[in-house]
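Read the structure below first, then the notes.
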Amino acid sequence: MSAKQLCIGLLLMAMGGVFGAEAPAGTGDLHSDIQYGEAGGEKLLLDANVPAGAGSFPVLILVHGGGWGSGDKEGDLVPAIGSVISGNFTWFSINYRLAPKDQWPACFDDVQTAIRWVKAHAAEYKGDPSRIALVGYSAGGELVCLAGVRADADTRVQAVVGFAPPTDMPADTQRRGNLLSKSLQALFGHSPTVDAGTMKSMVEMSAIDYIYPGLPPFLLIHGTADQSVPYNQSINFKAKLEANKIPCQLITIQGATHKLAEWDKFDPTYKDQFVAWLKQTLGAGQAGKQQ
């Protein structure tokens with residue numbers, strides 16, 4: 001067991017979950033390092049948290065941030081929201097291939113692979129494959145928003161949640177003087193200068209360019225003082241979703257920066273709002289509900 005896994009284990013035990021043992025009501029059992037695929041010679045791994053009780057439970061797929069080049073399945077989202085989702089949802093937190101070793105669209109391909117795997121295996125973890133929400137933070141937010149709007153029959157889900165998600169990469173690059181951020185340079189294997197190839201890739205990864213009627217509901221959560229992913233990215237994304245009659249709620253955290261671990265300081269209620277939206281949208285507690 002890694003040091004990070006030990007920390008996650010202690011967190012879950014503090015909530016009542018115990019590795020390999022039946023958990024009290026309202027908590028879950030964590031199953032680590034389950035292989036959901038293989039790509040480029042690399043095993044793709046996820047962790048699964050299974051609530052106590054008979055199920056079946058709504059399912060969350062958690063996708064971490066890190067600028068597409070760092071982070072892992074045990075980071076950011078799990079410490080921030082693990083305690084509020086473990087009793088009511090089966091959740092899977094995934095690793096995906098990272099830049100610069102693996103460039104675009106490897107990370108996006110892995111998220112799609114994870115969705116297919118979860119649909120096929122959710123029931124083994126008390127999950128309902130007809131009630132799945134994608135949940136991503138920062139770069140992970142970009143990936144889940146894009147997966148939501150570019151889904152096919154195999155990857156379609158019932159809800160999408162973006163924590164400070166970049167959804168318009170050309171607009172973000174424009175505010176940087178038409179130069180690629182260091183994260184995008186690594187992701188594309190390119191110099192800072194934008195050319196036709198990098199512009200094409202930026203459009204390909206921008207969820208705002210793929211919105212059409214009939215998409216699932218979206219929840220966006222964003223701080224107004226975010227300097228890494230400007231708050232207006234979520235404002236503009238919400239407006240385009242609603243113009244296409246897609247339900248979208250935006251939870252605004254006044255004064256919050258990009259760092260998810262600090263959001264509680266600005267608004268400790270955002271987690272309760274997040275869970276309430278999930279329960280309403282996915283029908284938590286209503287086993288077998290079809291979307």
Side-chain angles (χ1 to χ4, degrees), residues 63-72 75-77 80 96-111 134-150 160-211 218-241 243 248 250-263 266:
V63 184
H64 68 82
W68 306 279
S70 64
D72 59 43
D76 54 55
L77 281 171
Y96 52 88
R97 286 173 290 168
L98 300 173
K101 179 179 179 292
D102 294 289
Q103 295 172 358
W104 182 261
C107 50
F108 182 60
D109 291 343
D110 294 348
V111 170
L134 304 177
V135 182
Y137 164 61
S138 192
E142 179 272 324
L143 293 170
V144 302
C145 288
L146 189 66
V149 299
R150 294 185 61 180
V160 182
V161 182
F163 286 68
T167 55
D168 187 343
M169 305 315 300
D172 188 66
T173 299
Q174 186 176 21
R175 78 180 178 100
R176 300 174 188 271
N178 289 320
L179 296 175
L180 298 177
S181 66
K182 290 182 179 179
S183 294
L184 289 184
Q185 291 176 50
L187 187 62
F188 298 151
H190 201 275
S191 67
T193 305
V194 175
D195 60 17
T198 54
M199 179 58 71
K200 180 175 182 291
S201 295
M202 284 193 291
V203 171
E204 286 177 352
M205 65 186 295
S206 295
I208 200 168
D209 290 317
Y210 294 89
I211 295 172
F218 279 71
L219 172 66
L220 306 173
I221 311 174
H222 215 135
T224 58
D226 193 329
Q227 298 299 311
S228 298
V229 181
Y231 174 66
N232 66 6
Q233 288 255 326
S234 286
I235 292 287
N236 295 338
F237 189 54
K238 179 177 186 289
K240 190 163 183 182
L241 285 167
C248 180
L250 172 59
I251 298 174
T252 297
I253 306 181
Q254 293 292 337
T257 62
H258 190 67
K259 192 172 183 180
L260 178 59
E262 297 180 350
W263 285 8
F266 298 93

With rounding to the nearest 0.5 Å, note down the distance linking CE in Met199 to CE in Met169. 11.0 Å
Those residues at least two apart in sequence (or on a different chain) that pass side-chain contact (heavy atoms from CB on, under 4.5 Å) with Lys101 are Glu42
Between Met205 and Phe108, does the side chain to side chain contact (heavy atoms under 4.5 Å, CB included) criterion hold? Intermediate values first, please. CA-CA 9 Å; Met205 65 186 295; Phe108 182 60; over 6 Å; no
Candidate pair Leu250 and Ile235, rule side chain to side chain contact (heavy atoms under 4.5 Å, CB included), full reasoning: CA-CA 8 Å; Leu250 172 59; Ile235 292 287; 3.7 Å; yes
Between the CZ atom in Phe218 and the CD1 atom in Ile211, the distance rounded to the nearest 0.5 Å is 7.0 Å
Tyr96 to Gly65 - nearest heavy-atom pair and separation: OH-O, 4.2 Å
Please check if the side chain of Thr167 supplies one atom and the backbone of Ser206 the other of a donor-acceptor pair under 3.5 Å. no
Considering all heavy atoms, the nearest Tyr210-Glu204 contact: OH-CA, 3.3 Å
Which heavy atom in Gly255 sits nearest to a heavy atom in Phe266, and how many Å separate them? O-CE2, 3.0 Å
With side chain to side chain contact (heavy atoms under 4.5 Å, CB included) as the criterion, how do Val111 and Val63 come out once you've worked through the C-alpha distance, each side chain's angles and the decisive distance to 0.1 Å? CA-CA 8 Å; Val111 170; Val63 184; 4.2 Å; yes
Work out which heavy atom in Gly66 is nearest to a heavy atom in Ala139; give both atom names and the distance. N-CB, 4.3 Å
Across all chains, not counting sequence neighbours, the side-chain contact (heavy atoms from CB on, under 4.5 Å) partners of Asp76 are His64, Tyr137, Leu260
Residues 185-193, side-chain donor-acceptor partners within the protein, below 3.5 Å, at least two apart:
from, atom 1, to, atom 2, distance (Å)
Gln185, NE2, Leu180, O, 3.0
His190, ND1, Thr193, O, 3.2
His190, NE2, Asp195, OD2, 2.8

Measuring from atom CG of Leu220 to atom NZ of Lys238, what distance do you get when rounded to the nearest 0.5 angstrom? 8.5 Å
Close side-chain approach of Pro165 and Val144, heavy atoms under 4.5 Å: no
By side-chain contact (heavy atoms from CB on, under 4.5 Å) - contacts of Val229 (at least two apart): Pro166, His222, Asp226, Gln233, His258
4.5 Å side-chain heavy-atom contact, Ser138 and Phe163: no
Rounded to the nearest 0.5 Å, what's the gap from CG on Asp168 to NZ on Lys240? Could you check? 8.5 Å
side-chain contact (heavy atoms from CB on, under 4.5 Å) involving Ser181 - partner list, sequence neighbours excluded: Arg176, Ser183, Leu184
What is the distance from atom CD1 of Ile221 to atom OG1 of Thr252, rounded to the nearest 0.5 Å? 10.5 Å
Nearest non-hydrogen partners of Ala256 and Trp263, listed with the distance: CB-CD1, 3.9 Å
Counting only N and O atoms by type, is there a donor-acceptor contact under 3.5 Å from the side chain of Thr198 to the main-chain atoms of Val194? no
Who are the salt bridge (Lys or Arg N to Asp or Glu O under 4.0 Å) partners of Asp110, not counting sequence neighbours? Arg97
Nearest non-hydrogen partners of Asp172 and Pro230, listed with the distance: OD1-CD, 3.7 Å
Chi angles and distances behind the side chain to side chain contact (heavy atoms under 4.5 Å, CB included) call for Thr173, Met202: CA-CA 9 Å; Thr173 299; Met202 284 193 291; 3.1 Å; yes
Supply the atom-to-atom distance Leu143 CG to Cys107 SG, rounded to the nearest 0.5 angstrom. 4.5 Å
Donor-acceptor contact present, side-chain Arg150 to main-chain Ala207, <3.5 Å: no
